[in-house]
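See below for the structure under consideration.
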Number of protein chains: 2
Amino acid sequence: MRSLTRPSHEDALALVVDGIEAGALVTVVGRCTVEYEGRAESTLGPGERHVMLKPDGAALVHTDEGQQPVNWQPPDCDHDASLVDGELLVESHRETPTEQLAVRFDSLLQASAFGLTDERDLSLAGTEEDLRERVLADPDLVEAGFVPLATERATPAGAVDVYGEDSEDRAVVVELKRKRVGPDAVGQLTRYVDALERDLHAERAVRGILVAPSVTDRARRLLAERGLEFVALEPTAGSDADRQSDADSR
Amino acid sequence: MRSLTRPSHEDALALVVDGIEAGALVTVVGRCTVEYEGRAESTLGPGERHVMLKPDGAALVHTDEGQQPVNWQPPDCDHDASLVDGELLVESHRETPTEQLAVRFDSLLQASAFGLTDERDLSLAGTEEDLRERVLADPDLVEAGFVPLATERATPAGAVDVYGEDSEDRAVVVELKRKRVGPDAVGQLTRYVDALERDLHAERAVRGILVAPSVTDRARRLLAERGLEFVALEPTAGSDADRQSDADSR
DNA sequence: AAGTCGATATCGCCA
DNA sequence: TGGCGATGTCGACTT
C-alpha cells in the first residue's frame, strides 16, 4: 500500500501510473472536472470528488452524495494518467462501445494505491431464484394440483419462468417476482401467454399466473382485463414481509 | 482531511467516529467480513475491500473488481462505528424498509476522512428527454403530417410519452427510447395502445409507434404481431450511432 | 458479440 | 409516501 497526502501533481502521477501498472486499486481525492463521451455525453464542473480506478478496468467518480457515482466507466477499460499543463489528468477508455472518461484535477488531497486480495464469495438469499426453488419444492403454493413441467421454457416472446399444468390439464405460465410488482410484470406475463397460445395453436387454454409478494392497483387492474391471475408469495418462507403479508390478508 | 496508514483499530475508530460526526466522507480499507439484512440477506467472507461512508448516509463496499459495490446501503442511513473484541465494526442502518449493513474489519490498511465540497452541476446529453425534444421540434421525423398534442398523456395503463394525431386524424401513441429496444418496450407500447383504445371507446383507430435507434429481431416480430410500427431515430442528430444507422439503411 | 432479464437495482418525478 | 418509468443502468447467462 502506498499513499500520499496533498501530493504534488508529479508525485501523484508517479503513484497512479505505478499503481495501474501493478494492478492495484488506485484512489485519488481532489478538486477536478469530469468529461464523458460515449453512449451519451456529459460534463461536470469543478468540485471535490473521490476517484477510484480498479485493476479490472472499472472507474468510479464519487461526490459526497448519492449511492451512484456521478461519472464512471465499466470494467475492461484502459486507465491512463498524465500531466497536462502541470495538472494530473486521469483517463479511462474502451471500445464496443467507444466511450471515454477524463478527470482533470486542479488540486489533490490524497492519492493511494492498494494491492487488494478478495475471495469474493458473496452468499445472497431472498432472490427470484429462491422464489422459484420454493415453488418447485411445493407447487401447491401456487395452486392445489399445479404440476411444474419446465423452467425457463422458451417461447417466441422469451423464456417462461415456470411452465406447467393445472389439475385439469390446462397449460399454465407462471411469472415470478421477488418483490411487489407493477404494470411491467403484467406486460411480461401477457407476452408469454400470448406467445404460448400461438405456439400451442389454440389447441389448449393457457392460464397466466403472476407469483409475487403483492401487486399495485394498476397492475391488478391490468391482470383482470387480460384474464390473468395473481398469487401472493414471498421468496423466503420466514421473512418479515411474509408475516406482514399474512397480517394484511386477515 | 485526515488519514491514517495501517492504524490501530482504536485510532481508526476515533477517526471514523469523528469523520461521521463532522459530515466527512469516510473511507476505510482493510480485510473485513460483511453482513447485510433487509430487502434480502447476504454474507461475505473475509477479504480486502474499500469501504466508503458518505455524509448523506450512503455506504459502499467495493472489492477490486466490478463497477458495482459488492455490498451497499442507500442514502439516509445512520452510520455507526464501534469496537467489538478490539476490532473495528462499521454499521449502517435505516427504516422503511428496515435494512442494515455490518462491516467487521480484522486488519486495517488505511482510514481517511475528507470534507468534500461539490457544486454537483452535471450536464448530460443523449437522453430520452433529448429524443422527445427532437420529435417535438420536428414531428415529421416520426411521420409526415404527425401532430403532437400532448406529452405524458395519462392513460389507465400509465403516461404516454407523446400523444398526437396523424394526417388522417387517427390517434397516435408514440413510445420513445434512447437506445436499441427489446421486447419490454413493445410490451409498454402495447399497454398504452390497449388502454387508449378502451378510453376512446373504440370510436377511433389508435396507432402505436415505437421511436428508437433500432429494435431487436424479437421486438420487431412482436411489433408486427400487434400491428404496431417502428421509426428509427437517435436522441441527438449528430451522434456516431446516427451516422452508423444512416450507413446501415443505405 | 448481441439478446434477454433480474436487481438489496438507484434515481427522479409526480399524485 | 408509494407508484411508475428511465438509466451512459450493471451483471449474469444464453445463443
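Here the structure is a predicted model, which is why all the values come from computation and not from measurement. Per chain, numbering begins at 1; letters A, B, ... match sequence-line order.
dG8(D) atom C1' lies 7 Å from atom CG of Leu124(B), rounded to whole Å. Atom C1' of nucleotide dA6(D) and atom CG of Leu131(B) are separated by 12 Å, given to the nearest angstrom. The separation between Arg94(A) atom CZ and dC10(D) atom C1' is 10 Å, rounded to whole Å. Taking atom CZ of Arg153(B) as the reference point, atom P of dG5(D) lies 15 Å away to the nearest angstrom. Look at NZ on Lys177(B): it is 8 Å from P on dT7(D), rounded to the nearest Å. In this structure, Leu176(B) atom CG and dA6(D) atom P are separated by 9 Å, rounded to whole Å. Distance, Asp161(B) CG to dG5(D) P: 10 Å, rounded to whole Å. With rounding to whole Å, Arg221(A) atom CZ is found 12 Å from dG3(D) atom C1'.
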Please set out all donor-acceptor pairs under 3.5 angstrom arising from side-chain atoms of residues 209-223 of chain B, sequence neighbours excluded.
| unit_1 | atom_1 | unit_2 | atom_2 | d |
| --- | --- | --- | --- | --- |
| Ser214(B) | OG | Arg180(B) | NH1 | 3.1 |
| Thr216(B) | OG1 | Ala219(B) | N | 3.2 |
| Arg218(B) | NE | Pro156(A) | O | 2.9 |

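Side-chain proximity of Arg180(A) to dC10(D), dT1(D), dG3(D): nearest is dG3(D).
Across all strands, Glu65(B) comes closer than 4.0 Å to no nucleic acid atom at all (heavy-atom distances). Heavy atoms of Pro97(B) sit nowhere under 4.0 angstrom from any nucleic acid atom. Looking at heavy-atom distances under 4.0 Å, Glu99(B) makes contact with a base. Glu152(B) comes within 4.0 angstrom of no nucleic acid atom, judged by non-hydrogen atoms across all strands. Nucleic acid contact class of Ala157(B) (heavy atoms, under 4.0 Å, all strands): sugar-phosphate only. Among the atoms of the strands shown, only primed sugar atoms or phosphate atoms (P, OP1, OP2) are found under 4.0 Å from some heavy atom of Gly158(A). Using a 4.0 Å heavy-atom cutoff across all strands shown, Thr127(A) reaches sugar-phosphate atoms only and no base atom. Residue contacts shown for Gln100(B) are absent, as no nucleic acid heavy atom lies under 4.0 Å away.
For Arg49(A), the salt bridge (Lys or Arg N to Asp or Glu O under 4.0 Å) criterion is met by Asp118(B), not counting sequence neighbours. Judged as a ring pair (Phe, Tyr, Trp, His ring centres under 6.0 Å), and not counting sequence neighbours, the contacts of His50(B) are His50(A). In this view, Glu119(A) and Asp121(A) satisfy the side-chain contact (heavy atoms from CB on, under 4.5 Å) rule, not counting sequence neighbours. The side-chain contact (heavy atoms from CB on, under 4.5 Å) test applied to Ala102(B) returns Leu89(B), Glu91(B), not counting sequence neighbours. For Glu48(B), the side-chain contact (heavy atoms from CB on, under 4.5 Å) partners two or more places apart in sequence, or in a different chain, are Leu116(A), Thr117(A), Arg31(B), Leu109(B).
Checked by atom type, the side-chain pair Tyr36(B)/Glu41(B) shows no donor-acceptor distance below 3.5 Å.
The same atom, P, is picked in dC11(C) and in dG11(D); the two are 15 Å apart, to the nearest Å. Of the C1' atoms belonging to dC5(C) and dA9(C), the separation is 13 Å, rounded to the nearest Å.
The shortest side-chain heavy-atom distance between Leu196(B) and Tyr163(B) falls under the 4.5 Å cut-off.
Between Arg178(B) and Glu128(B) the shortest heavy-atom distance is CB-N, 3.9 Å.
Among residues at least two apart or in separate chains, side-chain hydrogen bond (donor to acceptor under 3.5 Å, both in side chains) pairs with a member in residues 152-161 of chain A are Arg132(A)-Glu152(A).
Put simply, Arg218(A) has no side-chain N or O that comes within less than 4.0 Å of OP1 or OP2 on dG3(D). Distances shorter than 4.0 Å separate none of the side-chain N or O atoms of Tyr192(B) from OP1 or OP2 on dC4(D). Close to dC10(D), at under 4.0 Å from its OP1 or OP2, lies a side-chain N or O of Trp72(A).
In this structure, Arg178(A) and Thr96(A) both approach DNA chain C, and ranking their closest nucleotides by distance from the 5' end singles out Thr96(A). Each of Tyr36(A) and Ala159(B) has a nearest nucleotide on DNA chain D; the 5'-most of these lies closest to Ala159(B).
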Heteroatom pairs (N/O) under 3.5 angstrom, protein to nucleotides 11-15 of chain D:
| unit_1 | atom_1 | unit_2 | atom_2 | d |
| --- | --- | --- | --- | --- |
| dG11(D) | OP1 | Gln67(B) | N | 2.9 |
| dG11(D) | OP1 | Gln68(B) | N | 2.9 |

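Between Glu35(B) and Arg104(B) there is no salt bridge, since none of the side-chain N atoms of the basic residue sits less than 4.0 Å from a carboxylate O of the acidic one.
If you check distances only, the side chain of Asn71(A) does reach the base of dG8(D) with a donor-acceptor pair under 3.5 Å. Counting atom types as modelled, Gln73(A) pairs a side-chain N or O with a base atom of dG8(D) as donor and acceptor under 3.5 Å.
Close approach of DNA chain C to chain A, defined as any atom under 4.0 Å from a non-hydrogen atom of the protein, starts and stops at dC5(C) to dC11(C).
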